[in-house]
There are 2 protein chains.
Amino acid sequence: MNIYDIAREAGVSISTVSRVLNNKGNVTAATRARVERVLARSNYTPSAIARGMAGKPLRTIAVLTVDIRVPHYARTAYTIEREFSRRGYEVSLCNTGGERAEAIRYLRAVTEKHADGIVLVGSIFNQLGSDPQAAPFLREAPVVLANGRIDLPNSYSVLVDDRHGAALAVEHLMARGCRDLFCVRDVATESAEAKCEGFVRALEHAGISDGQDRILDTGQSIAGGEEAVKALLASGRRVDGIVCGEDITASGVVRALRAAGLRVPQDVAVTGYNDSEYARVCDPALTSVDNKPELVAMLCVQLLESLIEKTGPFSSVTIQPELVVRDSA
Amino acid sequence: MNIYDIAREAGVSISTVSRVLNNKGNVTAATRARVERVLARSNYTPSAIARGMAGKPLRTIAVLTVDIRVPHYARTAYTIEREFSRRGYEVSLCNTGGERAEAIRYLRAVTEKHADGIVLVGSIFNQLGSDPQAAPFLREAPVVLANGRIDLPNSYSVLVDDRHGAALAVEHLMARGCRDLFCVRDVATESAEAKCEGFVRALEHAGISDGQDRILDTGQSIAGGEEAVKALLASGRRVDGIVCGEDITASGVVRALRAAGLRVPQDVAVTGYNDSEYARVCDPALTSVDNKPELVAMLCVQLLESLIEKTGPFSSVTIQPELVVRDSA
DNA sequence: CCGGACGCTGAAAGCGCTTTTTTCAAGCAT
DNA sequence: ATGCTTGAAAAAAGCGCTTTCAGCGTCCGG
């Protein structure tokens, strides 16, 4: 059932049906009524493909994320989807797992389908801007990168000041009287680097200069947190505070500390990052840095929408995280 | 840059370019080489829209979920996306939040865009099959419903036997010596009903007939779990085992029990459901029912793909969950 | 040496819309 | 009564592909 069928049944031309459907141009009330009656009793669904063919935008947004199962990305993607949906867009999603090839494959696919805009969620995607295979696709539609910088003509960023976030955690621990702090780096991203930098700087600010030696590397998981603590305790170094790069890792840190007979926060205070549900499930509930994924997502959507509609001026923005104090520190 | 530009530069017709691009029909090596050279030095991207217009499938799958932020749905959606991506499809996502209007709006949009198939993730979507507004769209493309039944021509289900899952939890608790069991129902879905039914049946099987009176209603959250326990303890009824409908609720149950001075699992054993990361973060780690979202997703993808390619025969399937024993029971 | 088959390529139609252009008729002023 | 204007609706073009069909040259067998 297409527009020709409707036109034939209503005894008008397809352009008239189109005018009725899109509510534009002049149509007499009588003609409009006749078309609408036919429309009502048919189950006609206009083809967005054909509409796209005729030059109208398809109103779809491509969202690239590392892994939607990570709560932080889920929250970001959720808000992006909801907000674009509210604005009449549909969102298409890809979990690249950080695989460059996967990102390129997907970017090609959405370019072929004429996506109206692209949102990259995760600092890892900043690489794509300088990737000769990926960059051409990123020029075909406006791009917004959540949590990372990208240098391309029609691309902007919404950044979170993770350096500041880590510094907030350090300051809080110090205010509690902690002096022997460590920082757990559980992933190799720009964002993790920023946290470490914030940690080191905050220590320097307090007159402690060996911050760089107080960074523990491990994996982003409960087991990762546990291992980091085991290694730390085995080293015999004194510790009374640990800043973690992720709540899930922090929960492993807490678990290992308790297993070693240490009390949290009395003996060792621990902070998480992302203020996820894990922070509330963990016992004791984690003090965590809220980096506001919903706010970031909202800003991404607003920015991308104005980019699509070319209602500038545009600019990248940076937001500040906040510390949420609970029981672990 | 379109196929006409390529054809002109290569000095051939567009049909020849099309043949080269799609690797079909006969083209001499010389002609093919000439076209490919032009192709290589251009940044031509074929239009999937135009290809769709010409009758080819666009290879997009629509996925409806309640809320991607719920880990169980995130795991399901993730696997669906990855598997379809691997098969050359793109997935579009909508979080309906259980809103009928939102589902309908989205179904209309994807129908207009000629989605090749639809996956409904969550038992709540079984309503759509009998919804006069939604059903027409569900007839336009094959549909697979994860975790619920739907009665429509081209629709099939992948079910999890949640009755059995709850029964597994009951049996485990009884084997530990628990006798005064309760079940926490934290949401009003078909799936939650099945769990309660499994709970009641399993009790009956053990000679306990008042299972129906042992169901506690609350919200699906940490607070929900806490409230259920507070109400239960206030009632003065004896309890030594609690079966929960979700890990997150179970974590609240554990927290409230401990706050009341009860030991888990020694005084009261607790089981969760979904075997999510929450079960591992919780202290003590939750014994939980694994309802295998990845397996369900894989089966959905396989089923939907064969539906799309009409390589039958098709049939709905039911899978059995398994109990994962940890420290809480 | 000619007819038919076959391989390669181009021409053209068609997919379902939007939009521009054209047609037509009615209404009005001169 | 003629010419103009105006508004409604039809006609037609165009979007970028795929695919069918037709044309044309070549090769082979009779």
Side-chain angles (χ1 to χ4, degrees), chain A residues 1-39 42-60 88 108-116 140-141, chain B residues 1-39 42-60 88 108-116 140-141:
Chain A
M1 176 127 275
N2 59 26
I3 198 171
Y4 289 95
D5 298 324
I6 301 294
R8 184 162 6 84
E9 278 194 46
V12 299
S13 73
I14 60 162
S15 37
T16 301
V17 177
S18 176
R19 276 187 286 262
V20 170
L21 284 171
N22 300 300
N23 231 353
K24 67 193 315 188
N26 299 320
V27 184
T28 21
T31 311
R32 152 160 284 122
R34 198 141 42 89
V35 173
E36 275 171 350
R37 200 144 36 74
V38 174
L39 240 22
S42 79
N43 65 334
Y44 168 63
T45 309
S47 163
I49 305 303
R51 196 182 296 140
M53 188 80 254
K56 316 237 71 168
L58 253 55
R59 299 185 79 82
T60 64
R108 165 172 290 113
V110 297
T111 302
E112 291 190 353
K113 289 180 186 167
H114 297 144
D116 298 294
E140 297 292 319
Chain B
M1 173 126 281
N2 60 27
I3 198 171
Y4 289 96
D5 298 324
I6 301 294
R8 184 161 7 83
E9 279 194 44
V12 297
S13 72
I14 58 163
S15 35
T16 300
V17 176
S18 175
R19 277 188 283 260
V20 170
L21 284 170
N22 300 300
N23 229 353
K24 66 194 314 189
N26 298 319
V27 184
T28 34
T31 310
R32 151 160 286 121
R34 197 143 40 92
V35 173
E36 276 172 349
R37 201 144 34 74
V38 173
L39 241 21
S42 79
N43 65 334
Y44 167 64
T45 309
S47 162
I49 305 304
R51 196 184 294 139
M53 188 81 254
K56 315 240 69 171
L58 253 55
R59 300 185 79 82
T60 63
R108 164 171 291 113
V110 297
T111 301
E112 291 190 352
K113 289 180 188 168
H114 296 151
D116 298 294
E140 297 292 320

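Reminder, nothing fancy here: chain letters follow the sequence lines and each chain counts from 1.
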Does anything in [range] form a salt bridge (Lys or Arg N to Asp or Glu O under 4.0 Å)? List the pairs, not counting sequence neighbours.
range: residues 2-28 of chain A; answer: A/Asp5-A/Arg8, A/Glu9-A/Arg41
range: residues 42-60 of chain A; answer: A/Arg51-B/Glu112
range: residues 26-36 of chain B; answer: B/Arg32-B/Glu36

List the residues meeting side-chain hydrogen bond (donor to acceptor under 3.5 Å, both in side chains) with [X], not counting sequence neighbours, and say none if there are none.
X: B/Ser15; result: B/Ser13
X: B/Thr111; result: none
X: A/Ser18; result: A/Asn22

Using the C1' atoms of the five pairs at each end, what is the angle between the end axes of the helix from C/dC1-D/dG30 to C/dT30-D/dA1, to 10°?
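The end axes of the helix from C/dC1-D/dG30 to C/dT30-D/dA1 are about 70° apart, to the nearest 10°.
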Which residues pass the side chain to side chain contact (heavy atoms under 4.5 Å, CB included) test with B/Ala141, sequence neighbours left out?
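B/Ala141: side chain to side chain contact (heavy atoms under 4.5 Å, CB included) contacts with B/Ile118.
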Strictly under 4.0 angstrom, non-hydrogen atoms only: write out the protein contact profile of nucleotides 9-20 of chain C, one letter per nucleotide from the 5' end, B, S or -.
BBB--BBBBBB-
